[in-house]
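So that the names make sense, note that chain A is the first sequence line, chain B the second, and so on, each numbered from 1.
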Amino acid sequence: MPVDPLSILTDRFRSAINVAVPGADVDLLIKVCQQPELGDYQCNAAMPLAKRAGKNPRDVAKAIIAAADVNDLCEALSEQSIAGPGFINIRLRADALSAAVASMDAPGLGVEPAAPSMTVVVDLMGVNLAKQMHVGHLRSPVIGDALARTFERLGHTVKRQNHVGDWGLPIAMVTARLMRLADAGEIDLSRITLDQLDIAYKAAQAECQRDTGALEAVRKYGLGPKAEAECEAQVGGATEAFLAAKETLLELQAHEPRTYAVWQRIRDVTMAECIAACERLHVRVTDADSAGESTYAQEMGPMVEDMVARGVAVHDQGALIVRLEEPEYGGITQPCLVRKSDGGFLYATTDIAAIRRRVQVFGGDRLVYAIDARQNLQLRQVFGASLKAGYAIHPRTGKPAVMEHAAFGMVLGEDGRPFKTRSGDSVKLADLLEETVLRALAAVKETAARRGETMPEAEVRTIAEAVGIAALKYADLVNDRIKDYVFSFDRALAFEGNTGPYLLYALARIKSMFRKAAERGVGDGWKSAPPSTRHHAEKQLALALLRYGATVRSVADSLEPHRLCQYLFEVAGLFSTFYDQCPTLSEEGAVRDGRLRLCALTARVLEDGLGVLGLPTVERM
RNA sequence: GCGGGUGUAGCUCAAUUGGAUAGAGCACCUGACUACGGAUCAGGAGGUUACAGGUUCGACUCCUGUCACCCGUGCCA
């Protein structure tokens, strides 16, 4: 049973409109009023309905009012309720508001389980073997995990996926190099770190890069035999390294024991560090959620043959492509290449195989990709190709999986350019986390000192960890996904404004109230008291709390976690106003209990909402 | 060339998917504490929503055309 007056009113007005204007169909029937002076809710349906029927909108509004049966919820509607061209302003009755809040104060907090429940696969990370995670890897897990938690909160079955770049020539290159260095006794594979792997990766790329351009230039301009010899040596060395890498690739594909063991070592070291970073970020992803490209290696050949056999993939200029010009496949001019003219497969081929697994094996009804906006064309192509090949058709429902790109922009520094260190290097993700937490630690200590509080060092550290991580994640989630955003430590960690720490503070303050209440021997009779909603500040807070369920749902629909951030900030702000204007513990009886109940519900909504976003919380700070 | 994205207060960002006077937070100014955490609250100032047209009762939002910046564009994974 819905408890949100918004959805009840929507039903009532839908019935009323069916009577007033038979056969009419309007989407957004009831909205929350933006200005409290006008009303709590409003119905804007009269205008579009009147237009379609060629009638006067105010007359239509009158007819809707006459047919609306809402007196149990709202103050009586009259012509006074109609404003402007035909807005119907609705004011909730005080008793109905209190009752609605009381019924929301249940385990679900007014979040209705989605019906039907679906299987949602969320792609929330793209780790590459032997590569250090940097700032560019922040948004995908943060946004992806927030979305995954949102789906889970709504009762969907969620499968997180970390698509690991663990296969192909680049991986073979670094594997070959590491084996060579290990043989020469220059490195110890049993103790190697991700940092060292990262260095080896870059070196391997460089040594396999044949600088034929330079050689041609030297010859063309006759720069002398010495320069020519140097270039020839470079090209020769690179060719040798390149061929060695090719050889290693074949060994990997054949699971040659020694080569394979080195590769597995690289994988273990990389994954351990990346999973550790995720744990620190409070991102729920495990090694079991990882699916390497290598796991698709055996599937791709037969899959592409299948696409050829059914005419989905066609030969073109020596390669195999899937054409996507048809509107139902995306209307994309550029075809999707699934096999190169040399017989090799591409990224897109792996992605299609992944879609096939996610739908056919995992039973995904909806596939969500929290990936950099620059990958948009690539994703639209593989979505289209998968649809065309039928791999995205759900085995049970027979319907195509909904495939969506939750695209996001870049993290910029305060200079408005991509976030880098002062020397221009990319910032390691682990370093970013560490610096954020250290700054949080300093801030927590400072404020504790200012208040003259003493806290055990261990607790201070625990709090700083939560505050720092919450600050960092919130600073990311609060922005509209698709846009680039400017990151600033000071702004993210500020205790004022729309920040993670401010929300944690608001919650901690409520928790503190209840600790104090317990100290003063206040019983728990308030738990069954009618929530107090008479004071203006109480009423505004109560109305906001009732919107929680709808807000969570809108995040799932739009894939935009910033809506929940804005909502929680609003709730926290309304609570602060209430806190300022409505003393609670100094009151007695029904007033105190009604307020305590409102406070407790506010805390639960904040805590639940922060949990949906994947932010850690604290009892005190 | 084509395709996609972005452009809103000095700065960082919103705007419930076409609704009423475009809202917050920083910063700035003015107020409020013997209070349950002042890490707060109340108020002020700040705008030609890049530009020009169009659609209609109504446009930051939809359509057309410009401008600026970013990104992507068939054989790298």
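By the 6.0 Å and 45° rule, A:Arg509 stacks over the aromatic ring of A:Tyr579.
Remark: the A:Gln42 side chain and the B:A20 base include a donor-acceptor N/O pair separated by less than 3.5 Å. No hydrogens or angles were tested; on distance alone, a donor-acceptor pair under 3.5 Å links the side chain of A:Gln34 to the base of B:U16. Side-chain to base pairing of A:Arg509 with B:A39: no donor and acceptor N or O lie closer than 3.5 Å to each other.
Using a 4.0 Å heavy-atom criterion, one finds that A:Ala83 contacts the bases of the nucleic acid, with or without backbone contacts as well. Base contact: A:Ser512 has a heavy atom under 4.0 Å from a base atom. Across all strands shown, A:Ser586 has no heavy atoms under 4.0 Å from either base or sugar-phosphate atoms. Within the 4.0 angstrom heavy-atom criterion, base atoms lie near A:Cys582. Nucleic acid contact for A:Asp372: none, since no nucleic acid atom lies under 4.0 Å from a heavy atom of the residue. As judged by a 4.0 angstrom heavy-atom cut-off over every strand, A:Pro57 is placed among residues making no nucleic acid contact. Nucleic acid contact for A:Arg520: sugar-phosphate only, since backbone atoms but no base atoms lie under 4.0 Å from a heavy atom of the residue.
Nearest nucleotide to the side chain of A:Tyr579, out of B:C13, B:G38, B:A20: B:G38. Residue A:Asn376 places its side chain closer to B:G4 than to any other of B:G4, B:G37, B:U56. If you check B:C13, B:C70, B:G37 against the side chain of A:Arg515, the one that comes closest is B:G37. When distances are taken from the side chain of A:Arg380 to each of B:C41, B:G3, B:U6, the shortest belongs to B:G3. Which of B:A20, B:G37, B:G25 sits closest to the side chain of A:Phe569 comes down to B:G25. Checked against B:U12, B:U40, B:G37, the side chain of A:Glu496 finds its nearest nucleotide in B:U40. Distances from the side chain of A:Pro583 to the nucleotides B:C13, B:C36, B:U17 place B:C36 closest.
A pairwise comparison of heavy atoms in A:Thr584 and A:Arg592 identifies O-CG, 3.2 Å as the closest pair. Minimum heavy-atom separation, A:Arg323 to A:Pro335: CA-CB, 4.3 Å. Between A:Met307 and A:Val338, the shortest heavy-atom distance links the atoms CE-CG1, 4.1 Å.
Put simply, NZ on A:Lys483 is 4 Å from P on B:G7, counting in whole angstrom units. Between the CG atom of A:Asn479 and the C1' atom of B:U12 there is a distance of 8 Å, rounded to whole Å. In this structure, CD of A:Gln581 is placed 14 Å from P of B:G38, rounded to the nearest angstrom. A straight line from CG of A:Asp480 to C1' of B:U12 spans 14 Å, rounded to a whole angstrom. Rounded to an integer number of Å, the gap from CG of A:Leu543 to P of B:U16 is 19 Å. Following rounding to the nearest Å, A:Phe575 (CZ) and B:A42 (P) show an atom-to-atom distance of 13 Å. Between the C1' atom of B:U12 and the CZ atom of A:Phe487 lies a distance of 13 Å, rounded to the nearest Å. Atom CD of A:Gln566 and atom P of B:U16 are 11 Å apart (whole Å).
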A correct dot-bracket answer for RNA chain B, with pairs being Watson-Crick or G-U at under 3.5 Å, [ ] for crossing pairs and | for inter-strand pairs, is (((((((..((((.....[...)))).(((((.......))))).....(((((..]....))))))))))))....

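At the phosphate of B:G37, neither OP1 nor OP2 sits under 4.0 Å from any side-chain N or O atom of A:Lys511. A:Arg450 has a side-chain polar atom (N or O) that falls below the 4.0 Å cut-off from OP1 or OP2 of B:A39. Look at A:Lys31 and you'll find a side-chain N or O under 4.0 angstrom from OP1 or OP2 of B:U17. Between B:A15 and A:His562, a contact under 4.0 Å exists linking OP1 or OP2 to a side-chain N or O. Contact annotation: A:Thr577 reaches the phosphate of B:A42 (side-chain N/O to OP1 or OP2, under 4.0 Å). Phosphate contact (OP1/OP2 of B:U56, side-chain N/O of A:Lys51, threshold under 4.0 Å): absent. Contact check, A:Tyr567 against B:A24: no side-chain N or O comes under 4.0 Å of OP1 or OP2.
For the P atoms, the distance linking B:A50 with B:C11 amounts to 14 Å, nearest Å. Distance noted for atom C1' between B:C13 and B:C75: 42 Å (whole Å). Nucleotides B:A14 and B:A24 are separated by 7 Å at their C1' atoms, to the nearest Å. Taking the C1' atom of each, B:U56 and B:C51 are spaced 22 Å apart, rounded to whole Å. Comparing B:U16 with B:C60, their C1' atoms sit 14 Å apart, to the nearest whole Å. Rounded to whole Å, the separation between the C1' atoms of B:U21 and B:A15 comes to 14 Å. To the nearest whole angstrom, the two C1' atoms, one in B:U49 and one in B:U61, are 10 Å apart. For B:A52 and B:C67, the P atoms lie 15 Å apart once the distance is rounded to whole Å.
Both A:Leu38 and A:Thr333 lie close to RNA chain B; mapped to their nearest nucleotides by heavy-atom distance, the more 5′-ward contact belongs to A:Thr333. Comparing A:Val32 and A:Phe87 against RNA chain B, the residue whose closest nucleotide sits nearer the 5' end is A:Val32.
Ion pairing between a basic and an acidic side chain is recognised when a charged N comes within 4.0 Å of a carboxylate O; A:Asp372 and A:Arg374 show such pairing.
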Side chain to side chain donor-acceptor pair (under 3.5 Å) between A:Glu293 and A:Thr350, intermediate numbers included: CA-CA 7 Å; A:Glu293 290 172 346; A:Thr350 318; 4.9 Å; no

Readout for nucleotides 72-77 of chain B: B = base within 4.0 Å of protein heavy atom, S = sugar-phosphate only, - = neither; 5' to 3' it is SSBB-B

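For the pair A:Tyr296 (side chain) and A:Thr349 (backbone), a donor-acceptor distance under 3.5 Å is absent.
Proximity of the aromatic rings of A:Trp526 and A:Phe514 is defined here by a centroid distance below 6.0 angstrom, and this criterion is met. Between A:Tyr485 and A:Phe408, a ring centre-to-centre spacing not shorter than 6.0 Å is recorded.
Each of A:Tyr474, A:Tyr502, A:Phe575, A:Tyr505 was compared with A:Phe569 under the ring pair (Phe, Tyr, Trp, His ring centres under 6.0 Å) criterion, and only A:Tyr502 meets it.
B:U49: glycosidic angle beyond 90° from 0, hence anti.
One side chain, A:Asp166 or A:Ser294, offers a donor N or O that lies under 3.5 Å from an acceptor on the other.
Note on ring orientation: taking the six-membered ring where Trp is involved, the planes of A:Phe489 and A:Phe419 are perpendicular (angle over 60°, cut-offs 30° and 60°).
Within the 4.5 Å cutoff, the side chain of A:Val164 has heavy atoms near those of the A:Leu129 side chain.
Rounding to the nearest 0.5 Å gives a distance of 11.0 Å between CD1 of A:Ile143 and NE2 of A:His562.
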